[in-house]
Amino acid sequence: MSTNIPIQVRSNLQTQGFPPPLLAWIQSALPNRNPLPPLQALIATVRTRLLLADLTTPAIFEQPVPSFPPNLHNPEVKETKLPRDVMVQVLDIENISRSKWEQVEELEAIARGEQTRGREIIRLNESNEDEDGNDRATTPAATGRPAANANAAASKNATHRLLLQDCRGQTLHGLELKRIERFGIGTGTGTGTGMLNIGEKMLLKKGATVARGVVLLEPATCVVLGGKIEAWHCAWRDGRLARLKEAAGAGAGAEDPGLRR
């Protein structure tokens, strides 16, 4: 393999906002074929493997890797700016524009194979629904114009809070200040537009505002790169209903508000 290929791959990834990976890691990520595929195919392969990797894994990036400044989490600092581009991965996402109980009831309805849109209850063929209103079900009732309009409005007005982790393992909460279309929470097992995965990579750009230890997310300073860590995402998805119930006060011994109706 030509020693120039890993260098060219790294240079291209840097132009996309990635921290510079180690040449040895790039070489290990390249396919063991002779002749090698075209350069653009090799870049796509290495990029995909980066997006599927845990950013905190040693021996991926050259040191020092761009990360959060040490005082960024200080809640007493009213406002500051991110001094550099920082690549992060998503550890958690929460829709704070909907009540916990509303989300609990939605997940339980989907577990029963049904979903409510407006005043009608529809049966779902697949778990193709995301909680922020992006309806991908194929039943006629689910694709009606009134329901579609309501879903679009709900998606447009959604606000999310994220837990983000940099390459050094430092975490920081992020709040969606302006709507980012890629943000969303899926209620099924699939993925699609408007659903953010756990382990997904994002680039926080230099100049992003951090207010009292929370980075404010908006399209101009937050770029969703893609990716997913399957084991993390499955564990997060499978435990989401229990977490929502606990947060809503519906743990052991708590009364379900539905019983008081």
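Reckoned from all heavy atoms, side chains included, excluding hydrogens, waters and symmetry mates.
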Backbone N/O of Ala29 and side chain of Arg49: donor-acceptor pair under 3.5 Å: yes
Indicate yes or no: at least one non-hydrogen side-chain atom of Pro31 is less than 4.5 angstrom from one of Leu42. yes
Quick check: are there more than 12 heavy atoms from other residues, nucleotides or ligands sitting under 6.0 Å from CG of Asn32? no
Show the nearest heavy-atom pair for residues Leu30 and Pro6, with the distance to one decimal. CD1-CG, 4.4 Å
Could you state the interatomic distance from CZ (Arg243) to CG (Asp92), rounded to the nearest 0.5 Å? 6.0 Å
Nearest-0.5 Å distance, CH2 of residue Trp236 to CD1 of residue Ile93: 7.0 Å
Under 3.5 Å, side-chain donor or acceptor atoms of residues 12-26 against the rest of the protein: list the pairs with distances, not counting sequence neighbours.
{"unit_1": "Asn12", "atom_1": "OD1", "unit_2": "Gln16", "atom_2": "NE2", "d": "2.7"}
{"unit_1": "Thr15", "atom_1": "OG1", "unit_2": "Asn12", "atom_2": "O", "d": "2.5"}
{"unit_1": "Gln16", "atom_1": "OE1", "unit_2": "Arg47", "atom_2": "NE", "d": "2.7"}

Write down the atom of Gly226, the atom of Leu51, and the distance for their closest heavy-atom approach. O-CD2, 3.6 Å
Is the side chain of Gln103 donor-acceptor paired with the backbone N or O of Asn95 at a distance under 3.5 Å, no angle test? yes
Rounded to the nearest 0.5 Å, what separation is found between the CG atom of Asp85 and the NZ atom of Lys205? 7.5 Å
Under the 3.5 angstrom rule, does the side chain of Ser11 hit a backbone N or O of Ile7 as a donor-acceptor pair? no
Which pair of non-hydrogen atoms, one from Cys167 and one from Phe61, has the smallest distance, and what is that distance? SG-CE1, 3.9 Å
Quick one: does Thr56's side chain get under 4.5 Å of Gln89's, heavy atoms only? yes
Side-chain (His73) to main-chain (Gly213) donor-acceptor, under 3.5 angstrom: no
Determine whether Val86 and Arg84 make a side-chain contact, defined as any pair of heavy atoms from C-beta on separated by less than 4.5 Å. yes
For Ile185, run the side chain to side chain contact (heavy atoms under 4.5 Å, CB included) check against His160, Arg98, Arg237 and tell me which one passes. His160
Can you find a side-chain donor-acceptor pair between Asn4 and Gln8 that sits under 3.5 Å? no
Shared hydrophobic cluster, Leu216 / Leu203 (ILVMFWY, side-chain heavy atoms < 4.5 Å): no
For a side-chain contact (heavy atoms from CB on, under 4.5 Å) check, start with the C-alpha distance between Leu50 and Ile60, then their side-chain angles and the critical distance, and finish with the verdict. CA-CA 9 Å; Leu50 272 177; Ile60 291 184; 3.7 Å; yes
Do you know which two heavy atoms are closest between Lys100 and Ala248, and how far apart they sit? CB-CB, 3.6 Å
If hydrophobic clusters are built by linking Ile, Leu, Val, Met, Phe, Trp and Tyr wherever their side-chain heavy atoms come under 4.5 Å apart, do Leu196 and Val214 end up in the same one? no
Taking only residues at least two apart or on different chains, which pairs with a member in residues 211-221 satisfy salt bridge (charged side-chain N to carboxylate O under 4.0 Å, His left out)? Lys178-Glu218
When you compare the side chain of Val215 with that of Thr221, does any pair of heavy atoms fall below 4.5 Å? no
Donor-acceptor contact below 3.5 Å, side chain Gln170 vs main chain Ser67: no
Please check if the side chain of Arg168 supplies one atom and the backbone of Phe68 the other of a donor-acceptor pair under 3.5 Å. no
Kindly indicate whether the side chain of Thr80, heavy atoms from C-beta on, has any atom under 4.5 Å from the side chain of Leu72. yes
Over 12 foreign heavy atoms within 6.0 Å of NZ, Lys78: no
So which atom in Glu200 and which in Asn197 form the shortest heavy-atom distance, rounded to 0.1 Å? OE1-N, 2.8 Å
Residues in salt bridge (charged side-chain N to carboxylate O under 4.0 Å, His left out) with Arg161, at least two apart? Glu94
For side-chain contact (heavy atoms from CB on, under 4.5 Å), just list the numbers for Lys81 and Thr209, CA-CA rounded to whole Å, side-chain angles, deciding distance to a tenth of an Å, and then say yes or no. CA-CA 5 Å; Lys81 300 292 184 181; Thr209 300; 2.6 Å; yes
Tell me, do Leu82 and Lys206 make a side-chain contact under 4.5 Å, heavy atoms counted? no
Hey, any chance Val65 and Met87 share a hydrophobic cluster, counting ILVMFWY side chains that come within less than 4.5 Å of each other, even indirectly? yes
Start with the C-alpha gap between Val88 and Gln165, add the side-chain angles, then the distance that decides, and say whether side-chain contact (heavy atoms from CB on, under 4.5 Å) holds. CA-CA 5 Å; Val88 297; Gln165 183 182 51; 5.9 Å; no
Would Phe183 and Leu91 show up in the same hydrophobic cluster when neighbours are defined by side-chain heavy atoms closer than 4.5 Å? yes
Look at the side chain of Lys201 and the backbone N and O of Ala53, then say whether any donor-acceptor pair between them is shorter than 3.5 Å. yes
Contact check, side chains of Cys222 and Leu204, non-hydrogen atoms, under 4.5 Å: yes
Report yes or no: do Val223 and Leu55 belong to one cluster of Ile/Leu/Val/Met/Phe/Trp/Tyr joined by side chain heavy-atom distances under 4.5 Å? yes
Is a side-chain donor or acceptor of Asn74 paired with a backbone partner of Glu76 at a separation under 3.5 angstrom? yes
Beyond-backbone contact of Val90 with Leu164, side-chain heavy atoms, under 4.5 angstrom: yes
